[in-house]
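This report concerns only the one structure given below.
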Amino acid sequence: MTDESQSDRAPDDSASLESNSLTRERLAKYRKVMEDGGFPYSFSRTDTTADLKDRFPDLEPGASTGEIVTVAGRLMNTREMGKLIFAVVLDGWGSIQLFVDKRTLGGDTFDAFRDLDGGDWIGATGEVIVTERGELSVKIFEFTLLQKSLRPLPDKWHGLKDVEQRSRRRYLDLLANEDSRRVALTRAKIVSELRTQFESRGYIEVETPVLVGEATGATARPFKTRHNALDMEMQLRIATELFLKRLVIGGIERVFEIGRIFRNEGIDSTHNPEFTMLESYEAFADFQDVMVLVEEVVAACAIVATGGSEITYDGRQIDLAGPYRRATMLELTQEAVGEDMSYDTPVADLRVLARRHGIDPENHWGSGKLIEALFDRLVEETLWEPTFVTEHPIETSPLARAHREKPHVTERFELIIAGDEYANAFSELNDPFDQRARFEAQAAAKAAGDEEAHPIDEDYIRALEYGLPPTGGLGIGVDRLVMLLTDKHHIREVILFPTMRPEPKEES
RNA sequence: GGGUCGCUAGCUCAAUUGGCAGAGCAUCUGACUCUUAAUCAGGCGGCUCCGGGUUCGAGUCCCGGGCGACCCA
C-alpha cells in the first residue's frame, strides 16, 4: 500500500529532498560546497562547551577575556538581531552561545553565516566573552561549515514527542530532547558504577557465549538461528548463569558478566527481546551475603545516577539506602490471601484459591507454582519500598539450593522495588544429584505441557560433578535498574535502539 | 489475544451540531547591535493514515483495513 504522507514526512533520497520545499535549499547549498571542494575531513577544536563553562565559571556581564578558542558542534538555534546574530552550538557535552557581529566578521562572512541552516555542523573560532545579558559566548571571527544537515531538525520548543519516532530516530530524540541525553549518559554512569562495584570487590569480568547449542540458565523461549559451516541449529542465550558457574568450578571464585540476553517473548513496558543483565557469582557466599552486596551496589548506583540514595520514582519517594526489608514469599502471600495456607496445603485447595483470585492454573502446577502465582498476582505490585522477597519454592527454582532448614523452598531472593523485580539471587545448587533431579522434574513439567521448563544440561551436571563450592549468585536487570534511577516507566526509554517492527518501505 | 484512545502542514497541536482546514514553531522575504522559545510585519506550505459507504456536503457519522499509545490477560 502506498502511503504518500509518509514519504512527504520522511523523504528518502535526493529526488525527494529536491521535491520538498524545506530541504531543496539545503540540498542546493550542499551541492555548492561539494562543487567548491567538499567538506573537511577533520577539525581541531581547542575546547568543548563543557571546558569553556569550567574555565570561565563566573565572569561579569560584558566581560572580554582576550582568550581565543575554537569550538565545534551542531548549529541549533539562531536569533538574528540586524547586524548581530546569537547562535547556539550543541556539542557532545552541552551548548554554548556564539556571538556573531557583522563588524567583526565582515559582510561576506556574516552573510555566509546567515546562510547556515539549523542542524549544520560548524566549527568556529573567536574570543570568549560574556554578553551584556550575562551569557558566556564565543565572539567569532571565523567559522567553517563541517557538514550540512539536509533535513530540518525537530521543533526547537516541543522537541520530538512521538514515542515511535523518538525510538526509531533516536539521533533526533537525542538532539531535540535534553532528557533523552540525560538518560543515555546516566545509563553509562550506572553501568560503569556496576563494573566499579564488582571489580573493587575482586570480581573478574568475563564474556561467555551468546551463540549456544541450547539456551539454558533460565526458563524462557530462545531465539533460534543457524550456523552454516557447522551445519547446526543454534540459539541465542537466555542467561549467562551456567557458563559463569562453570567458571567458578574452574577456580575463578568471583566472576561477573554484564551481557546482552535474548528472550523470544512479548514486548511491553518492562520487556525488550534483547536486554542487559548483570550476573555475578561468588564462591563461599550464600544468599544472605548476596543481599548485603545488592544493598551496597544498588545504593552506589543510585548515588552516581541521582546524587543520593533517596530517589523519586513515579512521583513517590524511595529510599535505596539499605538494609532493605526481608520477608518470605509464603508469609507475604499468606498475609495477602488472609487465610491459612502453606506448601502443605493440598494442591486441589490451592487451585481453588488461585481461581478465586483470578488465576487460571495449568494442570501441571504444584503447590509451589500455585503459591508463587498468588504472590505474583496479589503481592508483588504492592511492595513499594525495597524488599527482599525470600524462599521461593523449589518447584520454580531449578538452579537454587534447597533451604538448609525449611522444606519445599530454596535459599533464594528477589529484590522488589516499586512493584517490580530488580534482582534475583540464590545460594547456588551445587549438588550434582539434586541438580539432575531438578532437571528431571523440569523435563517432567515440560512433558506435562510446560513450554517454559528448563532443559536438561548434561554437560553442566558433569561440571558440577567436579565440585562447585558453596556459591552465592546474582542477576540484576540493568535496564530496569536504569529505569528506576532515571524515573522512566518504559524500557524503550532506557534502550537507545529498542526492538521495533520494521518501518514500512517508503515510495520514492 | 481483549478493551480504550489516537493518526490533520516539516514539528507540536486546534477545528462547535456534519457546513470555506486553522494556530504556534520551522522555512522564505523585510526591519532590528545584547538575544535566550528574541520581537515585529508579510509570504509559502494540506490526498486530514488507507479503502468503501451515508449525505447537497465528511477531518467529523457508519463499515473494513493499517500503524501507534495506554490498560488488561
Side-chain angles (χ1 to χ4, degrees), chain A residues 1-12 16-17 19-29 60-64 75-90 94-105 107 110 113-120 129-140 149-169 172-173 175-178 265-271 354-355 357-362 373 376-377 381 489-493 498 500-507:
Chain A
M1 188 188 302
T2 303
D3 186 349
E4 294 286 347
S5 66
Q6 193 69 20
S7 58
D8 281 352
R9 190 175 306 132
D12 202 30
S16 49
L17 286 170
S19 70
N20 185 309
S21 64
L22 286 166
T23 53
R24 196 181 302 123
E25 294 293 321
R26 290 170 182 253
L27 185 58
K29 292 174 191 173
E60 293 298 310
S64 299
L75 186 65
M76 292 306 282
N77 185 17
T78 56
R79 299 177 286 276
E80 249 185 272
M81 280 284 312
K83 298 184 179 65
L84 262 193
I85 301 171
F86 300 92
V88 175
V89 165
L90 178 72
S95 60
I96 191 91
Q97 178 168 269
L98 301 184
F99 184 94
V100 185
D101 186 338
K102 188 171 187 176
R103 281 193 309 219
T104 314
L105 278 186
F110 186 79
F113 192 95
R114 291 185 63 208
D115 230 22
L116 294 171
D117 294 292
D120 288 352
I129 64 158
V130 176
T131 62
E132 289 170 16
R133 294 295 174 87
E135 181 82 16
L136 184 65
S137 306
V138 178
K139 183 176 182 180
I140 70 169
S149 173
L150 291 172
R151 299 173 188 269
L153 260 31
D155 189 278
K156 69 182 174 190
W157 179 241
H158 296 99
L160 185 64
K161 281 192 176 164
D162 182 277
V163 174
E164 185 188 355
Q165 291 305 317
R166 288 186 43 234
S167 295
R168 280 196 198 284
R169 311 212 197 288
L172 292 181
D173 181 41
L175 278 172
N177 300 317
E178 208 210 325
E265 291 170 357
I267 297 175
D268 63 26
S269 62
T270 55
H271 296 84
R355 283 218 178 76
H357 287 99
I359 297 163
D360 185 20
E362 298 191 24
D376 288 346
R377 180 88 183 179
E381 68 180 17
H489 306 105
H490 204 296
I491 197 168
R492 68 168 164 245
E493 297 293 331
M500 300 182 81
R501 192 189 299 277
E503 220 167 357
K505 285 272 194 298
E506 293 171 1
E507 305 278 328

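In the text below, chain A, chain B and the rest are named by the order of the sequence lines, each starting its count at 1. Because the structure is a prediction, the values reported are computed rather than measured.
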(request) Between A21(B) and U48(B), how far apart are the P atoms? Round to whole Å, please. (result) 11 Å

(request) Determine whether His490(A) and Ser269(A) make a side-chain contact, defined as any pair of heavy atoms from C-beta on separated by less than 4.5 Å. (result) yes

(request) Output yes when at least one side-chain N/O atom of Arg151(A) is less than 4.0 Å from OP1 or OP2 of A26(B), else no. (result) no

(request) Take atom CD of Glu362(A) as the centre, draw a 6.0 Å sphere, and report whether it contains more than 12 heavy atoms from other residues, nucleotides or ligands. (result) yes

(request) Among C34(B), U36(B), C32(B), find the nucleotide with the atom closest to the side chain of Phe99(A). (result) C34(B)

(message) If you go through the side-chain atoms of Arg103(A), does one of them form a donor-acceptor pair with the base of U33(B) closer than 3.5 Å?
(response) yes

(request) Could you state the atom-to-atom distance from CD1 of Ile267(A) to P of C70(B) in whole Å? (result) 12 Å

(request) Would you tell me if any nitrogen or oxygen in the side chain of His490(A) comes within less than 4.0 Å of OP1 or OP2 on C70(B)? (result) yes

(message) By nearest heavy atom, map Leu116(A) and Phe86(A) onto RNA chain B; which one lands nearer the 5' end?
(response) Leu116(A)

(request) With P as the reference atom in both, quote the distance from G59(B) to G18(B) in angstrom, rounded to an integer. (result) 13 Å

(request) Answer whether the closest heavy-atom distance between the side chains of Ile96(A) and Leu136(A) falls below 4.5 Å. (result) yes

(request) Measure the shortest side-chain to side-chain distance between Arg79(A) and Val88(A) over non-hydrogen atoms and say whether it is less than 4.5 angstrom. (result) yes

(message) Does U27(B) have its OP1 or OP2 closer than 4.0 Å to a side-chain nitrogen or oxygen of Arg24(A)?
(response) no

(request) Would you mind telling me which of A69(B), C34(B), C32(B) lies closest to the side-chain atoms of Arg492(A)? (result) A69(B)

(request) Report yes if at least one side-chain N or O of Arg501(A) is closer than 4.0 Å to OP1 or OP2 of G68(B); otherwise report no. (result) yes

(message) Pairs counted only when both distances fall under 3.5 Å, Watson-Crick or G-U: show me the 5' to 3' dot-bracket for RNA chain B, [ ] for pseudoknotted crossings and | for other-strand partners.
(response) (((((((..((((.....[..)))).(((((.......))))).....(((((..]....)))))))))))).

(request) Using the C1' atom as the reference point in each nucleotide, state the distance between G24(B) and G45(B) in Å, no decimals. (result) 15 Å

(message) With rounding to the closest Å, how many angstrom separate the P atoms on U55(B) and U60(B)?
(response) 16 Å

(message) Taking 4.0 Å as the cut-off, does a side-chain nitrogen or oxygen of Arg169(A) come that near to OP1 or OP2 on G10(B)?
(response) no

(request) Report the residue (Ser269(A) or Lys102(A)) whose heavy-atom-nearest nucleotide on RNA chain B is the more 5′ of the two. (result) Lys102(A)

(request) Determine whether Ser167(A) and Met500(A) make a side-chain contact, defined as any pair of heavy atoms from C-beta on separated by less than 4.5 Å. (result) yes

